Amino acid sequence: MPKAYKPIDHEDRIRARWDSAKAFHADPTRVTSGEARPYSIVIPPPNVTAALHLGHALNNTLQDVLVRAHRMMGYETLWMPGTDHAGIATQAVVEKRLRKEGKLKGSLRQNYSRDQFVADTQAFKDEYEAVITDQLKRMGCSCDWDRQRFTMDDVCARAVREAFFRLFRDGLIYRGKRLVNWDPALQTAVADDECEDEEIDSFFYYLRYPLVHEDRQKSADASRQQAEDAQPVTWNELAARGYPGADQHPAEEEAWVTVATTRPETYLGDTAVAVNPHDPRAKALRGLFVELPLVGRVIPILEDSYVVLPKAMARSEEEANDPKAEFATGFLKVTPAHDPNDYEIGRRHSVDGAMQEWSQARGRAVMVNMFAPDGTVSDRHGWSDVGDAKMLVGLKRQDARKKVVEEFKARGLLEATRPYRHSVKISDRSKAIIEPYLSDQWYVKVTDPRLAESANRALAGRHQGTEASRHQGKADGDGALQFHPARYAKTYEQWHDGIRDWCISRQLWWGHRIPVWHRRIDLATAQADNFFTEQCDEALEGNHHGCYGIAVDVATGAIIPPGDLYPLDSSIGMHRLPRAGLIDVFICDIVETDWSPAGFVLDPDVLDTWFSSALWPMSTMGWPDPEQAAKDTGIRDMKDMLAAFNPTTTLCTAREIITLWVSRMVMFNRYLMGAGQGKGPVPFRNVFIHAVIQDGEGRKMSKSLGNGVDPLDIIATHGADAMRFTLCQMATNTQDVRLPVVKDSATGKNTSPKFDLGRNFCNKLWNAARFAVGILTAAPAAASRGGSAAPVSAKSLSLIDRWMLSRLQAATAEINSAVEHFEFSLYAQSIYTLLWNDFCDWYLEAIKPTVAEDANQRAVLRSVLDAILRILHPVAPFVTEAAYETVGTLPAAPVAGLRLDAPRKSGLLATAGWPVIDASLRDEAAEREFSQLQGLITAIREVRAQHQVAPKRKIVLHVPAHVAEHWRHHAVTLATLAGLETQTTDAPSGSNVVFTFEAREYAVSNLADAAAVDSGAERARLEKIIADSEKLIAVLEGRLANPGYAQKAPPHMVQQTKDQLAKAIAERSAAAESLKKLGS
RNA sequence: GGGCGGGUAGCUCAGCGGCUAGAGCAUUCGCCUUACACGCGAAGGGUCCGGGGUUCGAAUCCCCGCCUGCCCA
């Protein structure tokens, strides 16, 4: 074995051995046959948008630790790998790339073919999927690579279509016109989590809207000419109506109200002005209208308590302290199609009251959409009464804003402009400002109890009310889900309590096409238009395989049952003529029928990426048709995967994913699997949420900050194991962990000094193994390979060997518990202490003089080293496997109580048995005795260091006569580790140093050739001992002097304190005695 | 606004009712002691954020405050 462990010399070779042995291939039949218990994890599929970063490295390292440990523990272990198509992210990246390459100019939709774009993106995906897979392999991830999936491959696509179909059929997917977050650059709806809030410096604009009377009679039949119909209201009249402050204005002039807005351009879409009912001006305004300048639209004034009262009118301190009160005028322009709050106001008031009356009387829309999908002002998407505002049409939002402000100013209607800092929503992908936009979208009705409520019922600990409910629950998958750390269950639960329906359509090209065909038809002409084909009838009646249709009344939005649509007249055996009216017919088709000959159009949109991700624990295992999946992939045992591995054991992910992904997987798995209807099994029993890695300043690692660390750079410089060990060591149960980032001056790449820890540790292991191999090669542990020698019994072993086995037993127990409880940092800490401090610093040093002669000791050395390699393997798979290539060939002599099962595949450590160590090997007496020995050795070393005794010099230890017999048993160890020539009970003659150990006086002599002993240093040393003892004595005496202590503290505590005090006093007097001698 | 973390040695973190509060890195001193200088031996270094309370006893539990980070609206 070479002197230093160089990862680069081993990692590729080791990986190739694992691959060729199919060491990580999971066999579902071993589970279904009952031969082995399952352990399974599905990888959170990385986006194919970019290479993996350090967060992925952490996430995947932790999964691999779990997976490797359980594989060794004998579970049939599956780690399912794969990647995610990441719709919007990937589309944005590819679009940007095409522009950079000059292949795309202007609008993607108008200047590029959809098929070509999908092909380009597919190529991009192939490229990055390969990069990602390579990265995972380099990290040592023990995934079942033969089963790798992609969220858009055939198997997963079938799952998506089937899930959509079932949800659609069961009424859990619907289409609706709602206000969504619209990205005008990418021209698609985006989810809240695809946006960020950003503070910007902007303005509040104060716009005056002239008050008018509406001329009902004329307007009813001539709404286009409202401008002329409306009659101005004067201040005089307002004063007469009791409007406070109206008399401050010239009596005959036209009156107005002032609205405050940060987005003046949206006034084109205003359909009301709202005032708080508690506003003293409200009453005087009842029945009045305002007229929008330029547009000429006359809109009602309505009362809604959502409106913030101006500070001066605040009725409570709370209202006065509302930062908006500072800027409010008390009048709110209501733009339902372009603001979420206004949308709600619009909805509230279009049910009854002023707005309903207004909209019905005039046939006006409450929602006026004045933007095109690209964010320019448009009169073609729901805005018709343009009037004199024609000049604004076609302008971008910013330009429109300028123009509107200018026009108001020119008319004396701009009252003021005040600087205001507020936050706006920015699209993550395009950085465009999000526009609330009214559009037709598909929704999953997650608010249905069969989904959201089912997800919460899955939580463990929720159903502890009654024995019956708990019992009943388990069978359903209720109560089967557990979070680690447990506090995250709250996040999950609260999310479902406040959940809103999930918008699943995206106006993108990259993704799963929504499998719905649409046709709008007038029932009056339906028969003539050949609408009622047999196929169509069957779809609407739900009789056509793989097709399910619904008809929606365009006017009311209500679903029309097929029976109502064209009732069958049984007397003549034919359909009667259908009723009249416009209907929308939607046919969900997952057998890929071409409905275009029947006049249908396939929905152009794709599904939100999370829709396919939500099916991941099912789709990767062949749902809904495992037999077909087996045929498609050529993997025969694919048909058994669901039965063997779903529910999976654990999902390993980050915090923000709880709402995005965890929730949806639970809902879908429970709805679509097993008993279904929300009563099916959970997709995983445990959710482990790990920390987020930040840089040294507590900032997120990001490309724009340039503070990211590339896992491949660390693997290149430190090795995969070093990276993994360090990441594990950092993985505590807190929310985030910091990793100081520095730029390597040689390479210019980001790295962190923390990774040295892992590298040093791997090298330490390598050298310990190398040393042991040297010893065991010279003199094997057992006479012959595979010899039937009886196991070495701990009873026949030396103290040092019993101590080592005891330490190994304790550490293994600690690690077993750490694995079970997701305590990765503790795992790393335990193995570090075991290997470095116990095994290397003490055990290997202590056995040097004896191991060549002691076959039993060699048996222990061989076994302990083997066990260490095994328990370290999940964290550092490469270096342990590499060491095992040699260690595994050494003849072994078994140690009683320590079971080390042979590897299952090709002699690979990765498939070897996890050490099973009998509790009887725990030897507390040996630990106590050895720790005392360590104490004396340390005390001697301290004196040596203090007196600058040459490291190679052998010194003489003078021990008190009554403990001489005791230390004689440890003479060899003492001599080796403390550098003794001999130990004696004789008093030192000549130059020497006296020291105390366990309150007894010892001495060392022969420290130097010259007789000089530095009495100053010795004095300082003793004085420090005295000072420390005194500090301790004061503390302990104080504790005992406290009357409550003796009475209330447990007796063993009191006794312990007394013992400590006695010891401290003895320590102090011994040191004082020595000091006195030194002084004389 | 609601929820959840963190504040302990110069740095990164353990400890979460009772060890004179620990580890790694960094620092200082001495060593190329034939496994390892990616190493060995030794040392120095802390009003455990502040203030109250509970308790015989608080870094640890409770309350208030300050700072800091994240998630969801």
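In what follows, every chain begins at residue 1, and chains take the letters A, B, ... in the order their sequences are listed. Since the structure is predicted, the reported quantities are computational estimates derived from the model, not experimental observations.
rA73(B) and rC63(B): their C1' atoms are spaced 28 Å apart (whole Å). rG24(B) and rC66(B): their P atoms are spaced 38 Å apart (whole Å). Taking the C1' atoms as reference points, rG50(B) lies 24 Å from rA14(B), given to the whole Å. The gap from the C1' atom of rC49(B) to that of rU8(B) amounts to 10 Å, rounded to the nearest Å. Taking the P atom of each, rC25(B) and rC40(B) are spaced 9 Å apart, rounded to whole Å. Of the C1' atoms belonging to rU27(B) and rA9(B), the separation is 12 Å, rounded to the nearest Å. With both ends at atom C1', the span from rG44(B) to rG1(B) equals 50 Å, rounded to whole Å. rG51(B) and rU12(B): their C1' atoms are spaced 29 Å apart (whole Å).
Counting non-hydrogen atoms under 4.0 angstrom, Trp766(A) reaches nothing in the nucleic acid. At a threshold of 4.0 angstrom between heavy atoms, the contacts of Val737(A) are confined to the sugar-phosphate backbone, with no base atom among them. Contact annotation for Arg487(A): backbone-only contact, meaning every heavy-atom pair under 4.0 Å involves sugar-phosphate atoms and none involves a base. When heavy atoms are screened at a 4.0 angstrom cut-off, Lys764(A) is found touching base atoms of the nucleic acid. Note on Cys840(A): a base of the nucleic acid sits closer than 4.0 angstrom, heavy atoms only. Among the atoms of the strands shown, none is found under 4.0 Å from any heavy atom of Asp756(A). Across all strands, Leu1032(A) comes closer than 4.0 Å to base atoms (heavy-atom distances). When heavy atoms are screened at a 4.0 angstrom cut-off, Pro1043(A) is found touching no nucleic acid atom at all. Across all strands, Gln494(A) comes closer than 4.0 Å only to sugar-phosphate atoms, never to a base (heavy-atom distances). Within the 4.0 angstrom heavy-atom criterion, no nucleotide atom of any strand lies near Lys1063(A). Within the nucleic acid shown, Gln1056(A) has no heavy atom closer than 4.0 Å to any nucleic acid atom. Within 4.0 Å (heavy atoms only), Gln1060(A) reaches sugar-phosphate atoms of the nucleic acid but no base atom.
The closest side-chain donor-acceptor pair between Glu998(A) and Gln932(A) falls under 3.5 angstrom. Side-chain polar atoms of Ser427(A) and Glu194(A) form no donor-acceptor pair below 3.5 angstrom. There is a side-chain donor-acceptor pair under 3.5 Å between Thr996(A) and Glu1067(A).
Pair assignment for rG50(B) gives rC64(B), based on Watson-Crick or G-U wobble hydrogen-bonding distances that are each under 3.5 Å. Pairing of rC70(B), defined by two Watson-Crick or G-U wobble distances under 3.5 Å, is identified with rG3(B). Look at rA23(B): its Watson-Crick or wobble partner, with both distances under 3.5 angstrom, is rU12(B). When both distances must be under 3.5 Å, the Watson-Crick or G-U wobble mate of rC40(B) is rG30(B). Across all strands shown, rA58(B) forms no Watson-Crick or G-U wobble pair with both distances under 3.5 Å.
Of the candidates Tyr884(A), Trp766(A), Phe878(A), Trp766(A) is the only one forming a ring pair (Phe, Tyr, Trp, His ring centres under 6.0 Å) with His10(A).
Residue whose closest nucleotide on RNA chain B sits further toward the 5' end, between Asn733(A) and Ala4(A): Asn733(A). Two residues, Gln694(A) and Val1035(A), neighbour RNA chain B, and the one matched to the more 5' nucleotide by heavy-atom proximity is Val1035(A).
Without hydrogens or angle criteria, Asp744(A) side chain to Asn750(A) main chain gives no donor-acceptor distance under 3.5 Å. In terms of modelled atom types and a separation under 3.5 Å, the side chain of Asn59(A) and the main chain of Ala654(A) share no donor-acceptor contact. The backbone N or O of Val692(A) sits nowhere less than 3.5 Å from a side-chain atom of Arg655(A) that would complete a donor-acceptor pair. With hydrogens and angles disregarded, a donor-acceptor distance shorter than 3.5 Å links the side chain of Ser825(A) to the backbone of Gln729(A). Arg858(A) places a side-chain N or O within 3.5 Å of a backbone atom of Ala779(A) that can act as its donor or acceptor partner. Distance alone, capped at 3.5 Å, places no donor-acceptor pair between the Arg738(A) side chain and the Asp695(A) backbone.
Within residues 826-838 of chain A, the residues approaching RNA chain B are Gln829(A), Tyr832(A), Trp836(A), by heavy-atom distance under 4.0 Å.
Nucleotides of RNA chain B that come within less than 4.0 Å of any heavy atom of chain A span, from the 5' end to the 3' end, rG3(B) to rA73(B).
Applying the salt bridge (charged side-chain N to carboxylate O under 4.0 Å, His left out) rule to Asp342(A) yields no partners; only residues at least two apart in sequence or on another chain are considered.
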